[in-house]
There are 2 protein chains.
Amino acid sequence: MGTTTTTGGTQDDVRARIVAAADALFYGRGIQAVPMDEVRAAAGVSLKRLYAEFPGKEALVVAVLQERHRVWEEGLAAAAAGLVEPRARLLAVYDFLDLWFTDETFRGCGFINAFGELGASSPAVAEAARAHKDTFERYVSRLAAEAGADDDLAPALVLLAEGAQTTAAISGRPDVARQARRAAEVLIAAAVPAGG
Amino acid sequence: MGTTTTTGGTQDDVRARIVAAADALFYGRGIQAVPMDEVRAAAGVSLKRLYAEFPGKEALVVAVLQERHRVWEEGLAAAAAGLVEPRARLLAVYDFLDLWFTDETFRGCGFINAFGELGASSPAVAEAARAHKDTFERYVSRLAAEAGADDDLAPALVLLAEGAQTTAAISGRPDVARQARRAAEVLIAAAVPAGG
DNA sequence: ACAGACGGAGAACGATCGTTCTCCGCAGTC
DNA sequence: GACTGCGGAGAACGATCGTTCTCCGTCTGT
């Protein structure tokens, strides 16, 4: 697993570099707006290597979404790190969104964007988006259950988070995250029996 | 307004037919996935006529979004028709979504989809999406004010509605509208001082 | 009936893109 | 130092697409 003799770096390195470059380009401009040759240039690899790592553009898109999913889950975990109360961990979701929305490159949810652009013609992309949203819903549901809330809370909190992403993207107002958080506080208070 | 001698129909007819055909295709498959020639075929016009009505694809996309905005506002008004209480009119938003989500052709918010696909490269498309979301937010804000709610309610209700659209699209579950409605009921109850 | 304009069908054009192929330099081996 | 094979650079290929142009039939007015 040492560095190879080529300038390309480790095989995993190359893959990661391609995915990172493709993600930035796809997310920022839309997938079909970015030619493979631009991904190649941004990743600093040859077309031959690019197609050796990914059989085609669709496979690259799926890999990009999978990595984006991994990073999302990492960020979500980091936002909740150190917090013990389920309620605080639930609200950390919106703090995480707040952080994200203020990022200059923010342009909405990459999964929603990819789904809208390619979901109808690419089952793999549609499935990646579905899986991503599904794990997020499961995560929120688990926390809501730990908080002792009724079954209606988690779906509602998910809707707030999803709505915040698209609204922040289109309106360009990052404070949407705080609005979502305040609404979440109200819903949580109403959903937890004793007032926890 | 009699029929003209050509097979094309009235000029307004032709424009409307083109927009309707383009909307169905763009919305269902993604904009870049639909060639102009397919719009032409679906609308039953010639390419010459198509380009006589719209100087290019982007202008057609904008026209499609404007018409979609008009239909959205019509549907929203129809859902609130006959209801007098502001609270009921607010909740009618989610009944309207419910109706929409159960439509077989539902595939998310056309504005969000268009924004994700083309917003980065087409200011006109980005602006159409922004304008659409803006008028919706104004509409909800007006109703919330009429209901005597505090300023936090309207943005929260908007987030629920937006989140419902993307979640319904990706997860494919139309009952998301009812979940959003229940959450909205809780938020409204908490935001209106006296309980009205 | 005929000149002339209009509009349709679809070929044509130029550009772009995903993907593959060719050519060449270079590293390691005897 | 010749040989081999890998990988890079980028040309090439085939397909698609947005847009324009050509050709031809038809309808109008006289």
Side-chain angles (χ1 to χ4, degrees), chain A residues 2-19 21-23 25-26 28-65 114 117-118 120-125, chain B residues 2-19 21-23 25-26 28-65 114 117-118 120-125:
Chain A
T3 61
T4 70
T5 51
T6 69
T7 54
T10 301
Q11 186 150 339
D12 285 357
D13 248 21
V14 171
R15 254 188 103 86
R17 225 167 51 221
I18 293 172
V19 168
D23 180 65
L25 290 168
F26 290 166
R29 307 224 312 266
I31 294 166
Q32 301 188 83
V34 178
M36 288 295 269
D37 192 66
E38 202 170 340
V39 173
R40 174 206 60 78
V45 299
S46 67
L47 268 184
K48 208 183 225 172
R49 208 138 158 79
L50 180 53
Y51 277 94
E53 294 290 339
F54 302 95
K57 192 175 188 178
E58 190 188 23
L60 175 57
V61 170
V62 170
V64 161
L65 291 180
E117 185 174 354
L118 302 174
S121 53
S122 166
V125 168
Chain B
T3 61
T4 69
T5 52
T6 68
T7 53
T10 301
Q11 186 151 340
D12 285 358
D13 247 22
V14 170
R15 252 188 104 87
R17 224 166 53 219
I18 293 172
V19 168
D23 180 64
L25 291 168
F26 290 166
R29 307 225 311 265
I31 295 166
Q32 302 188 83
V34 178
M36 288 294 270
D37 192 65
E38 202 171 340
V39 173
R40 174 207 60 80
V45 299
S46 67
L47 267 183
K48 209 185 227 172
R49 207 136 158 80
L50 179 53
Y51 277 94
E53 295 290 340
F54 302 95
K57 192 174 188 179
E58 190 186 24
L60 175 57
V61 171
V62 170
V64 162
L65 292 180
E117 184 174 354
L118 301 174
S121 52
S122 166
V125 168

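No hydrogens, no waters, no symmetry mates; every other heavy atom, side chains included, goes into these values.
- With sequence neighbours left out, B:A16 forms a side chain to side chain contact (heavy atoms under 4.5 Å, CB included) with no residue at all.
- Evaluation of the salt bridge (Lys or Arg N to Asp or Glu O under 4.0 Å) test over residues 32-44 of chain B, restricted to residues two or more places apart or in two chains, returns B:R29-B:E38, B:D37-B:R40.
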Without placing hydrogens or testing angles, list every side-chain donor-acceptor pair under 3.5 Å for residues 51-59 of chain B, not counting sequence neighbours.
from: B:K57; atom 1: NZ; to: B:I31; atom 2: O; distance (Å): 3.2
from: B:K57; atom 1: NZ; to: B:V34; atom 2: O; distance (Å): 2.7
from: B:E58; atom 1: OE2; to: B:S122; atom 2: OG; distance (Å): 2.4

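- Interface residues of residues 51-61 of chain A facing DNA chain C, ordered by number: A:Y51, A:G56, A:K57; criterion, heavy-atom separation under 4.0 Å.
- For B:S46, counting side-chain heavy atoms from C-beta on, the closest listed nucleotide (C:dG8, D:dT20, D:dG8) is C:dG8.
- In this structure, A:V34 reaches the sugar-phosphate backbone alone: every heavy-atom distance under 4.0 Å involves primed, P, OP1 or OP2 atoms, never a base.
- Comparing the local axis fitted to the first five base pairs of the helix from C:dA1-D:dT30 to C:dC30-D:dG1 with the one fitted to its last five gives a bend of 10°, rounded to 10°.
- Closest to the A:M36 side chain, of the nucleotides D:dC17, C:dG18, D:dT22, is C:dG18.
- Residues A:L118 and B:E117 form no side-chain contact, since every pair of their non-hydrogen atoms from C-beta on lies 4.5 Å or further apart.
- Remark: C1' of D:dG7 and CZ of A:R40 are 14 Å apart, rounded to the nearest angstrom.
- Residues A:L50 and A:L47 form a side-chain contact, since some pair of their non-hydrogen atoms from C-beta on lies under 4.5 Å apart.
- In this structure, A:K48 and A:Q32 both approach DNA chain C, and ranking their closest nucleotides by distance from the 5' end singles out A:Q32.
- Residues passing the side chain to side chain contact (heavy atoms under 4.5 Å, CB included) test with A:S46 are A:K48, A:R49, sequence neighbours excluded.
- Residue B:L47 places its side chain closer to C:dA11 than to any other of C:dA11, C:dG7, D:dG7.
- Looking at residues two or more places apart in sequence or on another chain, you find a side chain to side chain contact (heavy atoms under 4.5 Å, CB included) between A:A120 and B:R107.
- Applying the side chain to side chain contact (heavy atoms under 4.5 Å, CB included) rule to B:A41 yields no partners; only residues at least two apart in sequence or on another chain are considered.
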